[in-house]
Amino acid sequence: MDNVKQLLAVRRDKLQKIRDLGINPYPNHTKRSHTIKELKDNQEQFVADSQQVTIAGRLVAMRRQGKIGFGNVKDESGRIQIFVRKDTTGEENYELFKLFDLGDFVQISGICFVTRTGEYSVKANEVTILSKGLRPIPTVKEKVVDGQTRRFDEFADVELRYRKRYLDLLLNPQIKRTFEIRARIMREIRTFLDGRGYLEVDTPTLQPLYGGANARPFVTHHNTLDMPLYLRIATELYLKRLIVGGFEKVYEIGKNFRNEGMDKTHNPEFTAIELYEAFSDLDGMMEITEAMISTVAQQVLGTTELQFQGQAINLQRPWRRDTMLNLIQEHAGFDASSFDRDAIAAFCGEHNIEVDENAGPGKLITELFDTFVEPHLIQPTFVIDYPKEVSPLAKSKPGNPKLVERFELFIGGNEYGNAFTELNDPLDQRERLTAQSRLREMGDVEANVVDEDFLEALEYGMPPTGGLGIGLDRLIMLFTNNTTIKEVILFPTLKHE
RNA sequence: GGUCCAGUAACUCAGUCGGUAGAGUAUCUGCCUUUUAAGCAGAGAGUCGACGGUUCAAGUCCGUCCUGGAUCACCA
C-alpha cells in the first residue's frame, strides 16, 4: 500500500470509528456563538467572566499529550488556541477528540481563559466534529521570532498553489488579501461610475461575430441553432450599439476571451472594463481615467502613492500626456513623423526589430514605441496620437489623416488602458473594417472582421462619443504589487496535468 | 515557439565520482494533565515527472516527451 492510500485509509478508519460512537461526522447544523475575532475583541472581559463560548472552524494545529491536548482552531476571522482535558470533557467526548485530525472542521464549547504561559485560549467542556477531512492537509508551522513570523514547510510550489487554490488560500492566508483588494477595486470602480451617472450593463459573451480588438477568438457551437458562436474578445461593439440606442453613459465589467499565448500579463480569459460616454471625447476619457484610478487607489489603499516592484509610483493627478512620435524621438532619437516606411523599416533593421513585410509605417512606429519607449514609462503617462493604421475604431485627428484621437495609458512600463474618440462616421468605419479584412486575407489572423450589423447601427447615427477600456487584472497587479497575472486570478488557466 | 532552470515520501528539501533511496514535518504505535515549530522511544511510507538509450550497474550520463518557472519572441 502506498503512502497516500495509507494516509487516506487512516482517515477513513477514524471516520468509521466516529460513526461507531454514534456520532454523525457531517452534522447539518452548527451552534457557533462567537467568531474568533469576537473572542479576541472581548478578551479581557471574557477571561474575567470565564465566558462560555462555542467556536467553529478548521483544526490547524494539534499538540496532544496524554490526557490533555492543545490545538488551534481557525475561522475566517482569526485563529485561537483550544485546551482540552479529559477530566473536563468526560471520557466519551475525549475519545472523539482523539479522533480529530488536522484539517477537520470542529466545534468547541468552553470557557475563555489564559494558559499558564499566557496564551488566550478556550478550555473545552465539549468538542464536536462538524466535518471530517479525508485527506491530509500539508502542515505549515509558524514560530514567532522577534515579532517576525517564521514559517516552516511552507506550501510554496507555484504550480500546486494555482492548481489547488483552495489549499493555497488555506495555507497561505496572506494570498486572500490580493482577492479582497480585487473585490474592493471592483466595488470602488462601480461606485465611482455610478456616482457619475453611468449605467452598468451586460452584453453578450457568446457572439455570432467578434470584434472590438485585434485578437483570435475562441469558437464554440450552438447545437439547437446549429451555428458557430464566438466568445467575445471585447465588449466594444455592443456598448456602442447602446450609445446608438440612446444611453449616454454605459459601462460593462466582464470577462473577455482571447485565444492566444499566455505569459505574465496575459491569461486567455481576463477581466476588463469598458465605458462609453456620449458627447465626450478623448480629453473626457483622460479626465475620467485619472479621476477613477486615483480615486480607487485612495479608497482601496488609502493613498495615491504606491510601490510597485521597488519603484515609487505617484497616481496624483494630473498625469503626463505626450505624443507617440515625441516619445519615440525622446527615447530612440528617431523622427518617424514622415511616416516614410522605408526609413522607419531601415531604423528598425538597425536595432534588430523584426519587420513584417505586410506591416505599414504605422505598425512599425508602434513597434519602435514598444521597444524604445514603453519600458521607460514608469509614472502614469497618456500616450496620444496613434497611427490610424493600427486603430480601426478610432476617429481621425483633425489636421493629420495619418493619426487618430487615441490614447493608451502606461504605468510602471506596462499598458493599462486604451481609449478613443470613437469613430462614428459609418462610411469611414466601413472603409476601416474593409481594410482590416484585407489584412486578414494577407494572413493577419488578428485583424478585425466586418460586422455588418454594427455598421448598420452606426448608419442610424451615433453621437460623438468617448470610449475607454482598462484591463482590470493588470490594475489589480499594480495595486497588489504582483508581477504575474496568475497571482491575481483565483483559478488561472493551466495546461492539463 | 527559442534558450536556461526545476520536477526525489502527503509537505519542505538533501542525495558527492554512476554502485541496494535520505532528513525534518505529517501519519501510525507506546509514554506524557498547561503545550505552542511540544517532547521522548519506535514504525510504516518512494514507478526518484514519463518513455527510450548507454552501462555489469542510472535518481545521477545521453535522447525524446510532459508539467512548471525565468527570459526572449509573438501578443495588448
Side-chain angles (χ1 to χ4, degrees), chain A residues 1-11 13-14 60-72 79-89 94 101-103 113-121 123 133 135-145 149-164 167 171 212-216 233-234 256 258-268 270 272 352-354 356 366-367 369-371 374 386 390-391 408-410 414-418 444-446 469-471 473-474 483-486 492 494-497:
Chain A
M1 185 155 59
D2 67 41
N3 194 25
V4 176
K5 281 183 184 157
Q6 197 176 77
L7 292 169
L8 295 181
V10 166
R11 299 278 179 130
D13 190 47
K14 289 183 181 174
V60 293
M62 178 79 111
R63 298 173 294 281
R64 282 201 43 228
Q65 48 181 109
K67 298 180 183 65
I68 66 165
F70 292 89
N72 293 85
R79 175 184 160 129
I80 196 164
Q81 178 166 274
I82 60 166
F83 175 47
V84 184
R85 293 171 61 133
K86 193 172 186 174
D87 57 10
T88 307
T89 61
Y94 199 78
D101 282 306
L102 291 182
F113 81 117
V114 174
T115 64
R116 210 173 275 175
T117 52
E119 181 155 351
Y120 183 38
S121 308
K123 186 186 292 181
R135 284 179 182 274
I137 287 192
T139 318
V140 178
K141 297 202 171 186
E142 292 182 351
K143 184 182 188 177
V144 179
V145 180
T149 303
R150 285 183 60 199
R151 311 187 84 215
F152 301 84
D153 296 344
E154 204 154 2
F155 184 75
D157 184 286
V158 175
E159 185 177 356
L160 268 183
R161 285 186 44 234
Y162 297 152
R163 289 195 192 279
K164 310 243 177 260
L167 291 179
L171 299 169
N214 296 327
R216 299 173 73 174
I233 59 172
N256 292 331
R258 297 187 184 174
N259 203 341
E260 55 198 26
M262 298 147 60
D263 61 26
K264 288 170 78 164
T265 55
H266 296 81
N267 195 64
F270 63 98
N352 298 318
I353 297 171
E354 207 173 310
D356 184 331
T366 61
E367 293 194 3
F369 176 82
D370 290 348
T371 302
E374 186 171 326
Y386 272 66
V390 297
S391 312
E408 288 193 341
L409 168 64
F410 292 85
N414 290 309
E415 185 219 327
Y416 287 84
N418 185 17
D444 182 349
V445 292
E446 296 190 339
I470 296 175
D473 304 291
R474 291 184 187 175
T483 53
T484 304
I485 199 168
K486 287 185 168 80
L494 297 170
K495 288 192 194 175
H496 260 299
E497 280 182 272

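Lettering of chains follows the sequences in order, A, B, ..., and the numbering in each one begins at 1.
Going from atom CZ of A:Arg63 over to atom P of B:U34 covers 14 Å, rounded to whole Å. Taking atom CD1 on A:Ile82 and atom P on B:U33, their separation rounds to 18 Å, with Å as the unit.
Contact annotation for A:Lys164: no contact, since no heavy-atom pair falls under 4.0 Å across all strands. Residue A:Lys264 is classed as a sugar-phosphate contact, given heavy-atom separations below 4.0 Å to backbone atoms only. Here A:Gln81 lies in heavy-atom contact (under 4.0 Å) with a base. Note on A:Glu154: only backbone sugar-phosphate atoms sit closer than 4.0 angstrom, heavy atoms only; bases stay farther off. A:Ala61 comes within 4.0 angstrom of no nucleic acid atom, judged by non-hydrogen atoms across all strands. If you check every strand for non-hydrogen atoms under 4.0 Å, A:Thr139 touches sugar and phosphate atoms only. Nucleic acid contact class of A:Arg161 (heavy atoms, under 4.0 Å, all strands): none.
For A:Lys141, counting side-chain heavy atoms from C-beta on, the closest listed nucleotide (B:U36, B:U34, B:U25) is B:U25.
Pairing for B:U36 is absent, judged as Watson-Crick or G-U wobble with the two contacts each under 3.5 Å.
In this structure, A:Leu160 and A:Arg150 both approach RNA chain B, and ranking their closest nucleotides by distance from the 5' end singles out A:Leu160. Toward the 5' end of RNA chain B, the nearer of the two residues A:Val114 and A:Asp157, judged by each one's closest nucleotide, is A:Asp157.
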Sub-3.5 Å pairs of nitrogen or oxygen atoms, protein against nucleotides 29-32 of chain B:
unit_1: B:C32; atom_1: N3; unit_2: A:Gly66; atom_2: N; d: 3.1
unit_1: B:C32; atom_1: N4; unit_2: A:Gly66; atom_2: N; d: 3.1

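A:Arg151 has no side-chain polar atom (N or O) that falls below the 4.0 Å cut-off from OP1 or OP2 of B:U12.
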